[in-house]
Amino acid sequence: MSEEKKSLNFIEQIIEDDLANGLSNDKLRFRFPPEPNGYLHIGHAASICLNFGLGLKYNAPVNLRFDDTNPAKEEQEYVDAIQQDVQWLGFQWDKVLYSSDYFQQLFDWAVELIKEGKAYVDDQTSEEMAKQKGTPTEVGTNSPFRDRSVEENLDLFMRMKNGEFDEGTHVLRAKIDMEHVNMHMRDPIMYRVLKKHHHRTGNDWCIYPMYDWTHGESDYLEQISHSICTLEFKSHRDLYDWYVDQVYDTSLLRPKQREFARRNLSYTVMSKRKLLQLVEEGVVNGWDDPRMPTISGLRRRGYTPSAIRTFSDTAGISKRDNVTDVALLEHCIKDDLNKTAPRVMAVLDPVKVVITNYPEDKEEFLDANYNDYAEGFGSRPVPFSREIYIEKEDFREQANKKFFRLKLDKEVRLKNAYIIKANSCVKDENGEVTEIHCTYDEDSLSGSGSEASKRKVKGTLHWVSVKHAEKAEVRVYDRLFTDEAPDGHKDKDFKEFINPDSLNVINAFVEPSLKDAKELDRFQFQRLGYFCVDKDTTESNLVFNRTVPLRDSWAKMEK
RNA sequence: UGACCUAUGGUGUAAUGGUAGCACUCCGGUUUUUGGUAUCGUCAGUCAAGGUUCGAGUCCUUGUAGGUCAACCA
């Protein structure tokens, strides 16, 4: 066995360097810090796989920490969904924690900062403060309240905490440097008044800490060694370090923030705000609509955790902007399902075939493997009778040699059954073929071992017996957007690129063995693609989602 | 007219001063009772210009292009 040397990504490189410089392996600790204000998507999966993957690689704990400092947007529903998604992806956290666990500690530290003259209460409006903030190219100016006495600041901050002030009237600010080249260092807000009910702390607080003040301190409290986030937080790093330095005890580990590029996928959008918009405006049917790039949407669509993990690993991480081809994601799920999904037969666009030399009331149950090319899948009986359905596109009255499906006077193999020959067809007033009359070769049954069964016939078709067929609703999905980067246009709104045909609902016929299939059972519909049972399935209505179609070289040739 | 980050085939990523590799996509061959799978192969890349070096995708300089930063969001 040759040991394949796998190169390290740049985050692993940083960790290896830290280890080489004396950080002991047992100090390694990571966290995944979602804000519970929306559902997780495939971009988050990159972060989840990265952080939990590092935990696995270095045998280090990984916390799931909800960054819940803004009660105006956050809800328990999201907390629950996020936990479910992380677990479904196959990862095990060390602890579930909440930034809100640290509200008291954060408050106490804030009081210390005030006492040290490093924080002050500002009474201005946000507009006034924005004006003083300057711009990236112009320095800011000091607030008139910047030099209040410690006593006054302490008194005001207590009154903020006690609910004496209305929202928007007072904030606590760190006193850093209004002329700093990094705007985040220009006296950032630490606390604002928010008289909102919090999903965990209820009405205990009416002041809430801001992200920057909370995040680094939370990392420090949990002794996170490497706090990994996305690139847009790069310029927050100065502040992160400044805040940590205010409370840092040198006997403890000092966490460090490092940033990587968020993962984008072609033909979709990845911002929570935009996804929420699609949900709220009814473009899709909820966060778990199978067209959504959310984890729950992909799950419902039929994706497996393993495929998503493989995708994340294969796509890798770096620090440059990217748009990963959705074909890579599709490749990962096809590759997984090809190895795991049983093969069954379903006809999505049926036309009736009558086998004229097959007895009227005869029926047979043919043994059909769930997978002809792999062990362990077993088989099931598939009913055959005089009338069957095949796909409309699998028949042509006449066609050239390249079309090796059913055509008049030519033969094809019916998968798991007999070789048939088309003799004639019936058409309606529009010239549409409504029925095809065939004869079958009685000795040609698949697997019978007879001479006739071994005959080489170019085409093989899938089919379903008419009188045994189960009706099923099949939801055929296409990409949600027609543009590769729908939100990459400065002059156009992403919604202008919504694909009007992203959902096609079909009344199909499936083989009877599928009658008892359960939610999330995954199958390959022979020659068509991979499908899974949707949660909308009821006793009387079987519903399948098309996860992804099979590669179709014939369709490409036809173009 | 600032600071910071990033530039490698169509896409995503390796190469840690020493043969530019892998995966996906595309295209073609072989196999095939799925026009699937498998397998073999083709096309295709270091942003530019200087410099350092025996040797530069990698280091330096200067450009160019893209991105980020001015929420009481995270």
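The model shown is predicted, which means the values in this text are computed figures rather than measured ones. Computed over heavy atoms, backbone and side chain alike; hydrogens, waters and symmetry mates excluded. To find a chain, count down the sequence lines: A is the first, B the second, and so on, and within it residues start at 1.
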ask   = What string of B, S and - do you get for nucleotides 69-74 of chain B 5' to 3' if you count protein non-hydrogen atoms under 4.0 Å?
value = SB-BSB
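At the heavy-atom level, A/Gly529 lies nowhere under 4.0 Å from the strands shown. Within the 4.0 angstrom heavy-atom criterion, base atoms lie near A/Gln13. Among the heavy atoms of the strands lying under 4.0 Å from A/Phe403 is at least one base atom, whether or not backbone atoms are also near. When heavy atoms are screened at a 4.0 angstrom cut-off, A/Arg405 is found touching base atoms of the nucleic acid. As judged by a 4.0 angstrom heavy-atom cut-off over every strand, A/Lys401 is placed among residues making no nucleic acid contact. In this structure, A/Phe404 reaches the bases: a heavy-atom distance under 4.0 Å links it to at least one base atom across the strands shown.
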Enumerate all atom pairs, one protein N or O and one N or O from nucleotides 39-43 of chain B, separated by less than 3.5 Å.
none

Please list each protein N or O that sits under 3.5 Å from an N or O in nucleotides 5-8 of chain B, with the distance.
| residue | atom | partner | partner atom | Å |
| --- | --- | --- | --- | --- |
| B/rU8 | OP2 | A/Arg320 | NH1 | 2.2 |
| B/rU8 | O4 | A/Arg320 | NH2 | 3.0 |

Protein-nucleotides 17-22 of chain B N/O pairs closer than 3.5 Å?
none

Interface polar pairs with nucleotides 45-48 of chain B, N/O, under 3.5 angstrom:
none

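Residues that satisfy the ring-ring contact (aromatic ring centres under 6.0 Å, His included) test with A/His236, not counting sequence neighbours, are A/His184, A/Phe233. Judged as a ring-ring contact (aromatic ring centres under 6.0 Å, His included), and not counting sequence neighbours, the contacts of A/Tyr39 are A/Tyr78, A/Trp287. A/Phe403 is linked by a ring-ring contact (aromatic ring centres under 6.0 Å, His included) to A/Trp554, counting only residues two or more places apart in sequence or in another chain. Take A/Asp85 and apply the side-chain hydrogen bond (donor to acceptor under 3.5 Å, both in side chains) test, not counting sequence neighbours, and it matches A/Arg299. The salt bridge (charged side-chain N to carboxylate O under 4.0 Å, His left out) check on A/Glu164 picks up A/Arg159, with sequence neighbours excluded.
If you take atom P in B/rA56 and the same atom in B/rG63, they sit 24 Å apart, rounded to whole Å. Spacing of C1' atoms, B/rC69 relative to B/rG12, comes out at 27 Å, to the nearest Å.
Checking B/rU11, B/rU33, B/rA15 against every side-chain atom of A/Ser7, the shortest atom distance belongs to B/rA15. For A/Arg263, the listed nucleotide lying nearest its side chain is B/rU13; candidates were B/rA23, B/rU13, B/rG35.
A donor-acceptor contact under 3.5 angstrom links the side-chain atoms of A/Ser446 to the base of B/rU33.
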ask   = Given the rule that a pair is Watson-Crick or G-U wobble with both distances under 3.5 Å, how would you write RNA chain B in dot-bracket, using | for pairs to a different strand?
value = .((((((..((((....[..))))..((((.......)))).....(((((..]....))))))))))).....
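Within the structure, salt bridge (Lys or Arg N to Asp or Glu O under 4.0 Å) pairs that include any residue of residues 320-337 of chain A comprise A/Asp335-A/Lys339 (at least two apart or interchain).
Between A/Tyr208 and A/Phe103, the gap from one ring centroid to the other is short of 6.0 Å. Between A/Phe481 and A/Tyr267, the distance separating the two ring centers is not shorter than 6.0 angstrom.
Between the A/Lys175 side chain and the A/Arg146 main chain, a donor and an acceptor come within less than 3.5 Å of each other. With hydrogens and angles disregarded, no donor-acceptor distance shorter than 3.5 Å links the side chain of A/Lys454 to the backbone of A/Ser444.
Considering only side-chain N and O atoms, A/Lys556 lies under 4.0 angstrom from the phosphate OP1 or OP2 of B/rC26. Distances shown here put a side-chain N or O of A/Ser553 below 4.0 Å from the OP1 or OP2 atom of B/rG36.
Rounded to the nearest 0.5 angstrom, A/Leu348 CG and A/Glu391 CD are separated by 5.0 Å. With values rounded to the nearest 0.5 angstrom, A/His41 atom NE2 is found 10.0 Å from A/Leu265 atom CG.
A 4.5 Å side-chain heavy-atom check between A/Glu35 and A/Thr69 finds every atom pair outside the cut-off.
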